[in-house]
Enquirer: 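One structure, pasted below without further comment.
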Amino acid sequence: MCGIVGYIGPKSAEKVIIKGLERLEYRGYDSAGIALLNGDELNVYKKQGKVSQLKKLLAKNDSGGHLGIGHTRWATHGEPNDVNAHPHESGNRRLALVHNGIIENYAVLKNALKAEGHVFESDTDTEVLVHLIEKIQDEGNLTLAKAVRLALSRVDGAYAIAVIDRNNPDIIVGARKASPLVVGIGDGEFFLASDATPFLEHTKKVVYLDDNQIATVSLADGLHIRNTNNEKQPPFIQTLDLQIEALEKNGYDHFMLKEIYEQPQTIEDAMRGRLMAQENRVRMSGLDEYANRFIRANRIIIVACGTSWHSALIGEYLIEDLARIPVEVEYASEFRYRNPILSENDIVIAISQSGETADTLAALELAKSKGALTYGIVNSVGSSIARLTDAGSYIHAGPEIGVASTKAFTGQVTLLTLMALNMAKKLSTISNTYFHTLLAELERIPTKVKEILEENEAIKYIAGEIQDRPNALYLGRGYNFPVALEGALKLKEISYLHAEGYPAAEMKHGPIALIDENMPVIVMATNKSAYEKVVSNVQEVIARKGSVIAIVNQGDQEIRAIADHVIEIPDTEEPLTPLLSVIPLQLLSYHVAVLRGCNVDQPRNLAKSVTVE
Ligand code: G6P
């Protein structure tokens, strides 16, 4: 969480950084700030609230300057006010620093610095770091890079930082440990940022810093990287294949809506080069490379957080159902701290849109240390999880900017389906005919998603019916149970209504007590295998005066006759159901949030990339 941007070059640093911060607002939007160097003049502007508030503040000041750093914050230490906003300055006003992460031993460091006469203005852990760098720099009359390196050797925790120095107006120093930082190399200019989106229109040449690396960028001297042991590190320059249009709303009111509508394309992109229906096979290069490990695996453990955890649950159903390999799904945050039993015969799959979620990363590190094979299902190219895993597959959904995940979810489920099919073929756990049927049907999924998107107006109408209800219950069975969880999460995240997802049959064991005329119950009723049982659940809700919104297959008569509202989706093979049944739930939560006047793309308190524990 938190986004950082740095710029040095011929352009207006203020303009480049502000635009960059707007692109990084998905990482947090509690406050924003910027430090600009103009000659040896250092000006810092910061403001509680979104980047738009900072822009208003800057409009009143003539800042100038071609070097600067900026920050958009998701608060950890200290409430989100102007004082706690980054950048933070050293006591001598010579240095300014922005930080993403947490300095865990800040209290000890702060007390020691206070005892030496340092005075702190904010409640943040970050301000301690800039004072520590100042102290080390002053004591040894050191260069900025050296002072940063020595200071970081005394710090525990996670960080991506960028620091500037009034006495060295041609350099920015950046460093990372467990929080992402990318250097962009332009034509006579350099960028530093939490990801590449802030500078994509200026350059696609990037260097992803590794943990414990410190980068110095300077117009006079170029890019130099050292590690915390002061060893030189040759920069590995990559060219990104990412288009600027992917970062714009392209006429949609919100990124979330755009991303929902992109799904026919993104599902197709996830299958491209992998689903070979004509050849009756699924090619997954990462999985094929480790085919023996997968075939002989004792079990597969999938670790993830949030929406990615829901796709992991669908992965469990798919892999066990089709490939007959035992699967366990774990919240990454629980897995990493509960001393799990792991061996070299286990495979740990991490699912992550951002590829930067701190708990998922730590779970993977634990799995690696125990010798398990690690596999990543990731969206962000070059992200930490993608680089840490032994093998993996990108979902190729393009940047997902709405905080509520939509196209990344269906991309993840598509990949898990392909993986389950690939393994099923290798292990001969399903018939060739069924394998072929599933492949052919998977090819039709993007078209079927398009058909569901045409129901948008009808779904908007239903959203109007539930927008003022304080609670909602989502029920599903089998493959639709994780979809019910995901539907409830979507509603909570962006409309701030309380919602719960439950296995439909579990309703009787508690939630049924909540049902009355004020409780909308969203029932996933597309399963063929348990259809009659779902009908009974619907009857139980109706008997208690709950209102039923049912997701049914086209042509359904039985539930249509009893439910308050139905949303029809095309029929498909049961293991592929989640790819369709989640779409109306995404649209439903989107419209409820819009009708309630909520900020759909930047819901309160949330951030898209959770780089703290
Ligand atoms: C945050 C986001 C969610 C996301 C979760 C896991 O909570 O708001 O949308 O599902 O993190 O993120 P990841 O990037 O690892 O999928």
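Indexing begins at 1, ligand by ligand and atom by atom, following the structure's order.
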Enquirer: Any protein N or O within less than 3.5 Å of an N or O in ligand 1? List each pair with its distance, or say none.
Expert:
residue: ligand 1; atom: 8 (O); partner: Ala607; partner atom: O; Å: 3.1
residue: ligand 1; atom: 9 (O); partner: Val403; partner atom: O; Å: 3.3
residue: ligand 1; atom: 10 (O); partner: Thr307; partner atom: N; Å: 3.0
residue: ligand 1; atom: 12 (O); partner: Thr357; partner atom: OG1; Å: 3.3
residue: ligand 1; atom: 14 (O); partner: Ser352; partner atom: OG; Å: 3.3
residue: ligand 1; atom: 14 (O); partner: Gln353; partner atom: N; Å: 3.3
residue: ligand 1; atom: 14 (O); partner: Ser354; partner atom: N; Å: 2.7
residue: ligand 1; atom: 14 (O); partner: Ser354; partner atom: OG; Å: 2.6
residue: ligand 1; atom: 14 (O); partner: Thr357; partner atom: OG1; Å: 3.4
residue: ligand 1; atom: 15 (O); partner: Ser352; partner atom: OG; Å: 2.6
residue: ligand 1; atom: 15 (O); partner: Thr357; partner atom: OG1; Å: 2.4
residue: ligand 1; atom: 16 (O); partner: Ser308; partner atom: OG; Å: 2.6
residue: ligand 1; atom: 16 (O); partner: Gln353; partner atom: N; Å: 2.7

Enquirer: Side chain to side chain contact (heavy atoms under 4.5 Å, CB included) with Glu320: which residues, sequence neighbours excluded?
Expert: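 Listed in chain order: Glu316, Pro326, Val327.
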Enquirer: Considering only residues two or more places apart or on different chains, which pairs with a residue in residues 395-409 satisfy salt bridge (Lys or Arg N to Asp or Glu O under 4.0 Å)?
Expert: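 Checked against salt bridge (Lys or Arg N to Asp or Glu O under 4.0 Å) - neighbours excluded - the pairs reaching residues 395-409 are Glu262-Lys407, Glu400-Lys608.
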Enquirer: Have a look at Gln412 and tell me which of Ser308, Ser352, Ser405 forms a side chain to side chain donor-acceptor pair (under 3.5 Å) with it.
Expert: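 Only match with Gln412 under side chain to side chain donor-acceptor pair (under 3.5 Å): Ser308.
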Enquirer: Check Lys368 with Glu365, please: is the shortest side-chain N to carboxylate O separation under 4.0 Å?
Expert: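 No, this pair does not count.
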Enquirer: With sequence neighbours left out, write down each residue that passes ring pair (Phe, Tyr, Trp, His ring centres under 6.0 Å) with Tyr590, or none if nothing qualifies.
Expert: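 Testing Tyr590 for ring pair (Phe, Tyr, Trp, His ring centres under 6.0 Å), a comparison that skips the adjacent residues, returns His254.
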Enquirer: Is the ring centre of Tyr375 less than 6.0 Å from the ring centre of Phe294?
Expert: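 Centroid separation for Tyr375 and Phe294: below 6.0 Å.
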